[in-house]
2 protein chains.
Amino acid sequence: MRRSVADKARKLLLVKTATSSSSSVSQHPSLPLSLSSSSWPQSAIRFLTSLNSPSPSSSSDSMTSSLTLETINPKVLKCEYAVRGEIVTLAQQLQEELKVNPGSHPFDEILYCNIGNPQSLGQQAITFFREVLALCDHPAILDKSETQGIFSADAIERAWQILDQIPGRATGAYSHSQGIKGLRDTIAAGIEARDGFPADPNDIFLTDGASPAVHMMMQLLIRSENDGILCPIPQYPLYSASIALHGGTLVPYYLDEATGWGLEISELKKQLEAAKSKGITVRALVVINPGNPTGQVLAEGNQREIVKFCKEESLVLLADEVYQENIYVPDKQFHSFKKISRTMGYGDNDISLVSFQSVSKGYYGECGKRGGYMEVTGFSPEIREQIYKVASVNLCSNISGQILASLVMSPPKVGDESYESYSAEKDGILSSLARRAMTLEDALNSLEGVTCNRAEGAMYLFPRIHLPLKAIKTAEAEKTAPDAFYCRRLLNATGIVVVPGSGFGQVPGTWHFRCTILPQEDKIPAVVSRLTDFHKGFMDEFRN
Amino acid sequence: MRRSVADKARKLLLVKTATSSSSSVSQHPSLPLSLSSSSWPQSAIRFLTSLNSPSPSSSSDSMTSSLTLETINPKVLKCEYAVRGEIVTLAQQLQEELKVNPGSHPFDEILYCNIGNPQSLGQQAITFFREVLALCDHPAILDKSETQGIFSADAIERAWQILDQIPGRATGAYSHSQGIKGLRDTIAAGIEARDGFPADPNDIFLTDGASPAVHMMMQLLIRSENDGILCPIPQYPLYSASIALHGGTLVPYYLDEATGWGLEISELKKQLEAAKSKGITVRALVVINPGNPTGQVLAEGNQREIVKFCKEESLVLLADEVYQENIYVPDKQFHSFKKISRTMGYGDNDISLVSFQSVSKGYYGECGKRGGYMEVTGFSPEIREQIYKVASVNLCSNISGQILASLVMSPPKVGDESYESYSAEKDGILSSLARRAMTLEDALNSLEGVTCNRAEGAMYLFPRIHLPLKAIKTAEAEKTAPDAFYCRRLLNATGIVVVPGSGFGQVPGTWHFRCTILPQEDKIPAVVSRLTDFHKGFMDEFRN
């Protein structure tokens with residue numbers, strides 16, 4: 001079904017693009033006198049002027065009855081999000097079948113390695129964070145004696161601090177559109193401590209996870225399909241989806257798999273020039289560091305080159321830094337792009353920079369809380385005001401997520417009652433993730449025809465699979481991408497859910513899949529053996 | 001500053017509209033052979049085909065340096081949201097001044113009557129709801145003995161039920177893109193109990209408040225400025241903002257102030273025909289019931305006519321029903337549009353209907369939790385799949401908000417330990433709101449030149465102010481709308497923040513403001529006397 005829809009979509013795009021463009025030619029806004037009253041809201045002025053633009057192409061539509069794929073916004077049809085695509089739908093079916101009819105498949109559970117969702121695979125929440133959230137949700141218990149017995153003293157103290165930062169201690173009220181000021185102060189202080197450079201709470205916009213922040217920036221930057229956004233390939237499909245939904249053009253730059261997914265400035269320049277020569281105005285550069293789906297961590301020197309490139313080309317640098325706490329190798333370290341640019345002596349007048357952070361990743365992995373923020377620097381007050389306005393239309397992000405964002409940027413400190421247990425929980429999770437990454441990386445590299453770069457950070461491995469010609473032909477006969485064909489076979493044989501590389505983008509003719517490192521450690525041996533057995537069988541079946 | 005930006009915006013629109021339309025003419029997508037590999041993600045195919053559309057108009061832009069109002073998405077410039085506009089910015093300034101320099105203004109506090117944010121004005125959260133949220137945030141305490149001492153037994157029981165509905169009891173995991181299935185079951189059961197007609201959990205999409213749900217539907221429905229959405233005038237500016245952001249056309253229909261903001265089918269027909277004659281394809285009808293900003297509750301017969309109209313004209317009915325629990329008069333009752341349509345014998349094949357609900361309103365007023373849902377009925381599986389896809393791109397709404405949405409649709413029942421206290425809290429809030437509505441309504445109607453319809457429901461009054469000519473002239477001399485002039489004067493004199501009618505739309509030449517009924521009851525007398533004194537003074541000053 002999904003594929004048939006996608007096919008229809010592609011057919012439709014040609015038609016629709018033509019229609020909508022031709023229909024918008026006859027725009028000559030003018031204001032009918034009868035409506036030029038100053039009492040008229042601007043929105044009204046706008047809609048009534050557009051009532052004055054007859055459009056033969058759409059008037060035929062005006063009889064269109066109920067909604068069909070032919071009559072919805074084609075940008076929605078264009079948008080794709082493989083991380084929750086076809087393969088996951090199949091996995092959910094299999095899971096249902098296993099529930100109804102145990103033993104109906106050669107595995108007894110589905111292992112979701114398709115998405116960075118740690119707690120869904122058994123990772124435990126950080127106790128201190130949850131204590132504070134619970135106390136802020138129900139402050140009535142804060143001064144009950146029983147509470148001291150079941151909550152740590154510093155969690156109670158932190159809850160009081162946070163409540164005092166909220167006007168009227170109203171955790172159930174809409175906050176300032178950018179988020180509660182006191183929490184933004186805490187986050188700014190956390191950024192300063194991380195970077196060693198000042199951060200301004202007024203630059204912080206708290207959001208329901210990082211995704212809405214990315215949408216907000218795309219909405220601001222993209223005017224038409226002639227506006228381009230430079231994105232890494234492979235990329236996290238939020239970017240391709242958001243660019244499609246906002247009607248822009250994704251300008252790809254390729255990460256070099258041979259050099260551990262290296263980001264070459266020469267490639268950025270080449271793609272920027274190619275785009276310009278096609279009449280594309282490139283507005284921004286997306287960099288994901290640590291990389292998703294690729295797991296590499298950028299070297300400091302490389303980051304400097306990127307900042308310099310953005311300054312020279314006047315590109316907004318959109319820095320996806322949600323994996324800043326997920327680094328697993330001693331020879332790499334996270335440096336925020338803001339720190340790098342400030343180290344280079346670049347200030348607000350030199351570069352427009354947006355840093356995205358989320359409570360969903362890191363060692364905390366609080367995906368369900370939908371907390372996050374963007375730090376917006378180097379924009380004029382007028383543009384800032386526009387970002388504020390768009391944020392205001394959605395009123396504010398959820399307060400628990402706001403509180404959690406302040407907690408991850410200001411966790412317990414040495415001497416706090418919770419510090420010991422907090423550190424033990426944090427280190428336990430991060431060291432386990434590092435071990436899992438290495439085990440899976442080694443296992444993948446031991447497979448025939450599979451090569452996998454080092455997982456330096458983030459939560460993913462993105463192995464390349466050299467598929468036999470026979471497998472490729474069989475897949476194409478089944479009208480599916482060879483890597484999707486491989487992943488579906490893997491799921492049906494083992495219950496392991498991974499995402500085909502074609503969902504992230506890859507060099508034409510190469511095949512990959514993205515696999516998270518998140519199954520709990522006691523499950524890793526099973527994952528490895530199931531994966532290994534499947535791969536052997538697959539290669540034998542399709543060996544040329 | 002805001003106004004100067006808006007002015008620039010208006011100038012820009014003409015330019016930009018022309019640019020973008022002309023630039024999109026030369027669209028002839030074609031796929032370069034070198035890239036036609038089946039390994040290529042569709043997103044990649046799309047961006048590379050669009051690289052093939054040279055556009056002289058934008059190539060000039062390609063040298064554009066840093067971001068300016070001239071180079072951002074003009075749809076963002078168009079968008080306006082008065083509820084958090086100019087007047088609120090001024091209020092925040094005054095609040096700062098009062099903090100720094102008490103006594104610097106003729107009032108000692110700012111009273112925010114601009115937005116439906118009950119807990120910011122002192123309304124207390126419903127205890128049972130907060131108990132359950134706290135327990136779900138920190139389940140570790142569920143079986144501690146102290147917990148029984150400070151949480152009600154049914155809250156503990158409900159928390160266990162909810163945790164058992166969440167795979168792995170992982171409240172920190174991303175959920176299904178539509179929300180946790182078990183919670184959707186509870187919500188569907190609540191809808192059935194409310195309407196007496198079946199509800200399907202698969203029709204429920206849980207969202208971070210109602211606003212993102214409205215955006216999702218606008219994104220689906222709007223292809224270009226030739227697509228129209230019928231909206232009431234006056235309207236809640238989320239609708240005009242969302243239509244502007246998605247590039248559509250707001251087609252206004254006027255509520256009749258003389259008949260208590262009556263919604264006349266003849267007016268709907270007239271505006272629909274007017275729009276069609278201009279080449280506008282009207283896709284949907286927005287109805288807000290109970291009304292915002294107008295506070296009226298639709299009569300059942302009127303709702304039937306509306307449903308019939310949508311069926312006949314094949315319009316999607318977008319029913320904003322977030323105030324369904326906020327009704328203050330004995331002669332009116334809430335009926336969901338789904339119940340009405342089913343009562344008429346209309347099923348999924350007869351009408352496409354979306355009902356929006358939120359945890360921010362009602363007696364609960366949990367704005368900060370950002371919980372809500374839309375119930376989507378009468379759409380084909382293919383369209384449903386597109387809605388699901390768009391929901392998936394943002395992964396899921398926040399889990400606390402999801403839990404709260406299930407709680408408001410399934411509160412404590414007779415016999416539950418919390419039932420008595422819950423009912424007392426609920427009735428206390430609703431009866432107080434009813435008293436406040438009536439007191440403010442009477443006070444407004446007692447003012448010279450002010451007429452105010454009955455607040456039957458919702459949280460607002462929308463009085464009409466008959467301003468003296470001299471006031472209108474003075475306002476126009478100051479290049480501001482007369483109602484905005486009045487509201488600014490009111491704020492500066494009393495600290496009371498209300499929103500000018502021009503932010504919601506009104507019949508040209510009439511002036512209104514929206515005032516919430518939310519100040520706590522002990523503050524109402526002060527509000528009334530400050531408002532009355534100000535108005536007398538204002539009328540005396542500008543009397544002709």
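As a basis for the values below, the full set of heavy atoms in this structure was taken, side chains included, without hydrogen atoms, waters or symmetry mates. Quick note on labels: first sequence line is chain A, next is B, and so on, each numbered from 1.
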Heavy-atom pairs under 4.5 Å with chain A - which of [options] has more of them than the others?
| options | answer |
| --- | --- |
| Leu221(B), Thr171(B), Thr147(B) | Thr171(B) |
| Ile150(B), Ile399(B), Leu245(B) | Ile150(B) |
| Pro167(B), Cys396(B), Ser352(B) | Cys396(B) |
| Ser177(B), Gly149(B), Gly401(B), Ser380(B) | Ser177(B) |

Rounded at 0.5 Å granularity, tell me how far [atom1] in [X] sits from [atom2] in [Y].
| X | Y | atom1 | atom2 | result |
| --- | --- | --- | --- | --- |
| Glu382(A) | Leu69(B) | CD | CG | 4.0 Å |
| Ser392(B) | Glu80(A) | OG | CD | 12.5 Å |
| Thr127(A) | Ile141(B) | OG1 | CD1 | 12.0 Å |
| Arg283(B) | Ile72(A) | CZ | CD1 | 9.0 Å |
| Phe151(B) | Lys144(A) | CZ | NZ | 8.5 Å |
| Leu395(B) | Cys367(A) | CG | SG | 8.0 Å |

When only pairs under 4.5 Å are counted, which of [options] shares the most heavy-atom pairs with chain B?
| options | answer |
| --- | --- |
| Leu135(A), Ile222(A), Leu121(A), Val316(A) | Ile222(A) |
| His215(A), Glu366(A), Glu146(A) | Glu146(A) |
| Gln402(A), Lys369(A), His176(A), Gln92(A) | Lys369(A) |
| Ala475(A), Ser211(A), Gly378(A) | Ser211(A) |

What's the shortest heavy-atom distance between [X] and [Y], and which atoms?
| X | Y | answer |
| --- | --- | --- |
| Phe379(A) | Leu67(B) | CE2-CD2, 3.5 Å |
| Gln386(A) | Val76(B) | OE1-O, 3.6 Å |
| Ala173(B) | Ser120(A) | CB-N, 3.6 Å |

Indicate whether any N or O donor in one side chain lies under 3.5 Å from an N or O acceptor in the other, for [X] and [Y].
| X | Y | value |
| --- | --- | --- |
| Asp137(A) | His138(B) | no |
| Arg370(B) | Ser400(A) | no |
| Thr71(A) | Arg223(B) | no |
| Asn73(A) | His246(B) | no |

Let me know if [X] has heavy atoms under 4.5 Å from chain B in its side chain, its backbone, both or neither.
| X | answer |
| --- | --- |
| Gln123(A) | neither |
| Val393(A) | both |
| Ile115(A) | side chain |
| Ser242(A) | neither |
| Ser175(A) | backbone |

Please tell me if the side chains of Asn394(A) and Asp208(B) come closer than 4.5 Å, counting only heavy atoms from C-beta onward.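 No, too far: nothing below the 4.5 Å cut-off.
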
Answer whether the closest heavy-atom distance between the side chains of Leu133(A) and Leu133(B) falls below 4.5 Å.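 No, every pair of side-chain atoms sits at 4.5 Å or beyond.
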
